[in-house]
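For reference, the structure is listed below as structure tokens.
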There are 2 protein chains.
Amino acid sequence: MTPELSSTAPKSCEGCQIRHRAVCSRCDDAELTQLDAIKYYRSFEAGQTLIWAGDDMDFVGSVVNGIATLTQTMEDGRTQMVGLLLPSDFVGRPGRNAAPYDVIAKTDVVMCCFRKKPFETMMVDTPHIAQRLLEMTLDELDAAREWMLVLGRKTAREKIASLLSIIARRNATLKLMPLNGAVSFELPLTREAMADYLGLTLETVSRQMSALKKAGVIQIENKRHITVPDMDALMEEAGDDGDGGLLV
Amino acid sequence: MTPELSSTAPKSCEGCQIRHRAVCSRCDDAELTQLDAIKYYRSFEAGQTLIWAGDDMDFVGSVVNGIATLTQTMEDGRTQMVGLLLPSDFVGRPGRNAAPYDVIAKTDVVMCCFRKKPFETMMVDTPHIAQRLLEMTLDELDAAREWMLVLGRKTAREKIASLLSIIARRNATLKLMPLNGAVSFELPLTREAMADYLGLTLETVSRQMSALKKAGVIQIENKRHITVPDMDALMEEAGDDGDGGLLV
DNA sequence: ATGCTTCTTTGATACAGATCAAGGCGATCC
DNA sequence: GGATCGCCTTGATCTGTATCAAAGAAGCAT
């Protein structure tokens, strides 16, 4: 159950450069070499909690493979997902110690980590890394705030449509696919995880998925494989026609 | 209706140094002088929209006096407040152009602004400003994510209690007052604005305020003046016993 | 096969909060 | 004084989602 550590790239990591570039899109070769020197890989099993809220985090890094979530929990067990980590997403809070919420692997996860102390040292020497981090954090803030609108004001049906269109969009971006025409993807979340993200119950999620299917907005094969014949129709259902591209 | 500009500190601005320090807590005198050179004041009337979503923002700054809100709106008019700006709070997105949501003055507001271009130049020359901004942004992100839990999982009563305890806490911090014993403050928001923040209707807000009053958790004088005899009891109602201090 | 377990769907019912509606209170203006 | 306006409260009713309950479908171990 303890995470496996290795200093070699997992075979599934296609081009770890991409991870480095996620941390700093303007690094030169020397800086990338520096990053290489302090990086290592970690694997986690599905269901494992990578980091507990309040724990000290001694690394920052990015997801190479798999899905993890940021989750907040109340004493009585109610939980709310506050972030979704897909491959290439960054985790970590340079300059901070304790993690503010649980990070949980929803599938098997491989992370590319950088030890925090040397990473912070590098940040001081390399101002554009700090600027890149500020940019990323602003993006996350935008995404969180857009999600507040979803949680506070949208109906169950709109919430589902919003989540599906985010995942579809992310998926297309990762695979460099266009978003016109039919889009098809594997849902990385259970109905329960979707409910945790949307502030709903899993039954309501299931019902609304069925409703969207009956309405012809989506097709569902094998519970988890989703096809969206028309992204515009889905975004119409989500209530955010047009723009809506901020969400992570 | 157009904002009033002036280059002199409004008489209500007690010690603008504090605003500069909010932007950078480690600035030396030379840097503060630099900040002084690019700063100006702006006043807005209650109800005025300081910045429209999508507009270019040519400044960053902080609130000196009054209350403003960050608000998102859907096409059909549903709105969700995604942030609350109290005196000393920072507004702006160095490195970004368009504002992501409306900023609306809820009372008359005075802001201390810095022109964006020179501010960004200064950021490049002065790395610890970028670091300070990263810290502030991380704080905002934490607050936004904690608010997601409120919006997604808390009951109406818990939402109200959460909001009141944030405002009480912020108020006490600004006035350097202790949080034990009875706490008393002026509510800066109408019932409708509270509803927008909490994802409720104004009627529900009113009812739950009455309920908390009847339960003796709060006292209400003149609709807007709130006394909390026991902060612990209020936080108990909010569902976050203990910690819960992240929220802005 | 058979029986587990985990995930999902669907139905019946309950309830929190929304909606619709009316009236109260205080400020400001004439 | 009375009229008007913005804000707040309270009541009656409706509705979307939660809750409780049962059963289907797929995967996996035996």
Side-chain angles (χ1 to χ4, degrees), chain A residues 45-47 67 74 76-80 105-108 150-164 186-215 218-226 237 239, chain B residues 45-47 67 74 76-80 105-108 150-164 186-215 218-226 237 239:
Chain A
E45 298 171 7
I67 312 284
M74 292 172 66
D76 61 7
R78 279 176 281 175
T79 69
Q80 174 65 51
K106 288 289 163 181
T107 63
D108 288 353
V150 173
L151 289 173
R153 291 302 185 192
K154 291 197 179 180
T155 65
R157 183 172 177 141
E158 290 169 332
K159 286 179 175 181
I160 300 284
S162 299
L163 179 55
L164 292 179
E186 208 64 29
L187 247 189
L189 301 173
T190 65
R191 300 292 186 260
E192 189 181 21
M194 292 173 71
D196 277 347
Y197 206 4
L198 296 167
L200 299 171
T201 60
L202 68 94
E203 293 96 330
T204 298
V205 171
S206 181
R207 274 186 246 275
Q208 297 298 337
M209 293 279 286
S210 300
L212 286 174
K213 178 182 165 188
K214 185 144 62 173
I218 58 172
Q219 285 145 28
I220 308 179
E221 293 126 39
N222 293 325
K223 320 284 186 198
R224 292 287 196 93
H225 189 85
I226 307 293
E237 289 287 348
Chain B
E45 298 171 6
I67 311 283
M74 293 172 66
D76 61 8
R78 280 177 280 175
T79 70
Q80 175 65 52
K106 287 292 162 182
T107 64
D108 288 352
V150 173
L151 289 173
R153 292 302 185 192
K154 291 197 179 178
T155 64
R157 183 171 177 139
E158 288 169 333
K159 286 178 174 181
I160 301 284
S162 299
L163 179 55
L164 291 178
E186 208 63 30
L187 247 189
L189 301 172
T190 65
R191 301 292 187 260
E192 189 181 23
M194 294 174 70
D196 278 348
Y197 206 3
L198 297 167
L200 298 171
T201 60
L202 68 93
E203 293 96 330
T204 299
V205 170
S206 181
R207 273 186 248 275
Q208 296 299 336
M209 294 278 288
S210 301
L212 286 174
K213 177 182 166 187
K214 184 144 62 174
I218 59 173
Q219 286 144 29
I220 309 180
E221 293 127 38
N222 292 325
K223 320 283 185 198
R224 294 285 198 95
H225 191 85
I226 307 292
E237 290 286 349

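Treat the numbers as computed from the prediction; the structure is a model and nothing was measured. Order of the sequence lines sets the chain letters (A, B, ...), proteins ahead of strands, with each chain counted from 1. Just the heavy atoms: all of them, side chains too, but no hydrogens, waters or symmetry mates, feed the values below.
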**Complete:** Given protein heavy atoms under 4.0 Å, the one-letter contact record of nucleotides 13-18 of chain C, with B base, S sugar-phosphate only and - none, is simply ----SS
What nitrogen or oxygen pairs link the protein and nucleotides 4-8 of chain D at under 3.5 Å?
residue	atom	partner	partner atom	Å
D:dC8	OP1	B:Arg224	NE	2.7
D:dC8	OP2	B:Arg191	N	2.8

**Prompt:** Could you give all pairs that pass the salt bridge (charged side-chain N to carboxylate O under 4.0 Å, His left out) test and reach residues 188-199 of chain B, with sequence neighbours left out?
**Reply:** A:Arg153-B:Asp196
**Asked** Nearest nucleotide by nearest heavy atom, which residue falls closer to the 5' end of DNA chain D, B:Met209 or A:Glu203?
**Response** B:Met209
**Message:** Once salt bridge (Lys or Arg N to Asp or Glu O under 4.0 Å) is applied, do any residues pair with A:Lys106, and if so which ones, sequence neighbours excluded?
**Reply:** none
**Item:** Distance (rounded to the nearest 0.5 Å) between B:Thr79 OG1 and B:Tyr197 OH
**Value:** 13.0 Å
**Asked** Do B:Leu164 and B:Ile160 have side-chain heavy atoms sitting under 4.5 Å apart?
**Response** yes
**Asked** salt bridge (Lys or Arg N to Asp or Glu O under 4.0 Å) with A:Arg207: which residues, sequence neighbours excluded?
**Response** none
**Asked** Do A:His225 and A:Leu187 come within less than 4.5 Å of each other through their side chains, counting heavy atoms only?
**Response** no
**Message:** Within the supplied structure, the quantity of interest is the number of heavy atoms (other residues, nucleotides, ligands) at a distance under 6.0 Å from B:Asn222 CG; does it exceed 12?
**Reply:** no
**Message:** So, using salt bridge (Lys or Arg N to Asp or Glu O under 4.0 Å) as the criterion, who are the partners of A:Glu158 when residues are at least two apart?
**Reply:** B:Arg78
**Request:** Round to a whole Å and report the spacing from NZ of A:Lys159 to C1' of D:dG16.
**Result:** 11 Å
**Prompt:** Given atom CE of A:Met194 and atom P of D:dT17, what is their separation to the nearest angstrom?
**Reply:** 15 Å
**Message:** Rounding to an integer number of Å, can you tell me how far A:Leu212 CG sits from C:dT8 P?
**Reply:** 16 Å
